[in-house]
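Take a look at the structure set out below.
Source: prediction; values computed, not measured.
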Amino acid sequence: MSLTLSPTPPPLGPRAEAELRAAFDALENPSFAARLSATVGTPIEALTASLPSSLQGGLRGAVRAALTTAMAAALRSSPAMSVSGVPSAWLHRGLAAATGAAGGAFGLAGTLAELPVSTTILLRQIAAIAAEEGEDLARPDIAAECLKIFALGGRGRGDDAAESGYFALRIALAEALKGSIGASILPGFIAAIAARFVGPVGLKISAQAAPLIGAAAGAAINLAFLEHFRSVARGHFTLRRLERVHGAAQVRAAYEALAATRDVAFAKV
């Protein structure tokens, strides 16, 4: 009886290496705080200090509710939608700007009201990127992969690098997802996502609720929010596509080699 050996995955070529490097930059250098600070012209520390203490205590619950609502609504129809030939990326940008403008116009109350809507728009954009990178959105586990983007893109500057690196977070989220049945996403998994997503949401709400921000800045803040998580989604789903072609072990080894090179460079500074 002969054994059929699985073919050896092809090595990473120049194009795959360039894609992996771009994914690494997006996943290991979250830039939402810096992008938001530049958008509103206010230091991040001042933004976070402006958030009412009464809201900070209930923000995680609001974020969990927004994620649950987004999960129920975002993937019902094709995320790669277009209207009169407008590509989905531009359509999602327009919707994000509109909801941000509405939220900014009505201050803190408006920002909280638009959070589930903007989260749904964002999840639809994430799903569209997943589909572009070859994922099957009909599979429940891919819906979970889309949700993971909110955690992968929610790391703060104070996180320990050994505990918050991309693959460490990916493994932790996979553990949190264990036990899900069919299309059901366990509350514990949503809570794990919310624990990371609450940081960027807090910054977004602080900025939009600041005095004199108004509708125009609210739109800009939502676009910064969208662009940040789009970048993280592209990095994550690019890596998954490369893993399908070149094997998970080879892609992870190349990724960790980039991380080691970066760490050596930082040590010399």
Practice task
Check step by step if side-chain contact (heavy atoms from CB on, under 4.5 Å) holds for Arg170 and Arg240.
Solution key: CA-CA 12 Å; Arg170 189 165 155 181; Arg240 283 176 54 86; 4.0 Å; yes
Fill in the blank from the handout: Taking every heavy atom of Ala254 against every heavy atom of Leu12, the minimum-distance pair comes out as CB-CD1, 3.6 Å
Exercise for the section: Report yes or no: do Phe167 and Leu147 belong to one cluster of Ile/Leu/Val/Met/Phe/Trp/Tyr joined by side chain heavy-atom distances under 4.5 Å? Expected result: yes
Practice task
Work out which heavy atom in Pro200 is nearest to a heavy atom in Gly153; give both atom names and the distance.
Solution key: CG-O, 4.0 Å
Exercise for the section: Could you tell me which residues satisfy side-chain hydrogen bond (donor to acceptor under 3.5 Å, both in side chains) with Arg21, sequence neighbours excluded, listed by chain and number? Expected result: none
Problem - side-chain hydrogen bond (donor to acceptor under 3.5 Å, both in side chains) partners of Glu17, counting only residues at least two apart - result: none
Completion exercise
Value for CG (Leu122) from CG (Leu67), rounded to nearest 0.5 Å, stands at 9.5 Å
Handout entry: Close side-chain approach of Arg230 to Phe225, heavy-atom, < 4.5 Å
Key = no
Handout entry: Between CG on residue Leu239 and CZ on residue Arg244, distance to nearest 0.5 Å
Key = 11.0 Å
Exercise for the section: Could you pull out all residues at least two apart from Ala192 that satisfy side chain to side chain contact (heavy atoms under 4.5 Å, CB included)? Expected result: Leu173, Ala176
Practice task
Could you tell me whether the side chain of Arg234 reaches within less than 4.5 Å of the side chain of Glu133, counting heavy atoms only?
Solution key: yes
Problem - Check: Cys146 and Leu123 side chains under 4.5 Å, non-hydrogen atoms - result: yes
Handout entry: Counterpart residues, ring-ring contact (aromatic ring centres under 6.0 Å, His included), relative to Phe237 (two or more places apart)
Key = none
Handout entry: Separation between CZ of Phe24 and OG1 of Thr261, rounded to the nearest 0.5 Å
Key = 8.0 Å
Problem - For Gln250, side-chain hydrogen bond (donor to acceptor under 3.5 Å, both in side chains) partners two or more places apart - result: none
Problem - Val245 with Leu20, same ILVMFWY side-chain cluster at under 4.5 Å - result: no
Problem - Pairwise side-chain contact, Arg241 with His246, heavy-atom cut-off 4.5 Å (strictly under) - result: no
Problem - Minimum heavy-atom distance Leu169-Ala151, with the two atoms named - result: CD1-O, 4.2 Å
Problem - Qualifying residue for side-chain hydrogen bond (donor to acceptor under 3.5 Å, both in side chains) with Tyr166, from His236, Glu28, Glu256 - result: His236
Problem - Lys148 NZ to Ile142 CD1 distance, which is reported to the nearest 0.5 Å - result: 9.0 Å
Completion exercise
Shortest non-hydrogen pair, Val232 vs Ala26, comes out as CG2-O, 4.1 Å
Handout entry: Quiz item: cation-pi between Arg196 and Phe150, 6.0 Å / 45°
Key = no
Exercise for the section: Identify, with sequence neighbours excluded, every residue that meets salt bridge (Lys or Arg N to Asp or Glu O under 4.0 Å) alongside Arg64. Expected result: none
Practice task
Applying side-chain contact (heavy atoms from CB on, under 4.5 Å), run through Phe229 and Leu152 and close with a yes or a no.
Solution key: CA-CA 9 Å; Phe229 283 100; Leu152 296 172; over 6 Å; no
Fill in the blank from the handout: Rounded to the nearest 0.5 angstrom, the CZ-OG1 distance for Arg124 and Thr119 is 14.0 Å
Practice task
Compare all side-chain heavy atoms of Ile149 with those of Ile129 and state whether any distance is below 4.5 angstrom.
Solution key: no
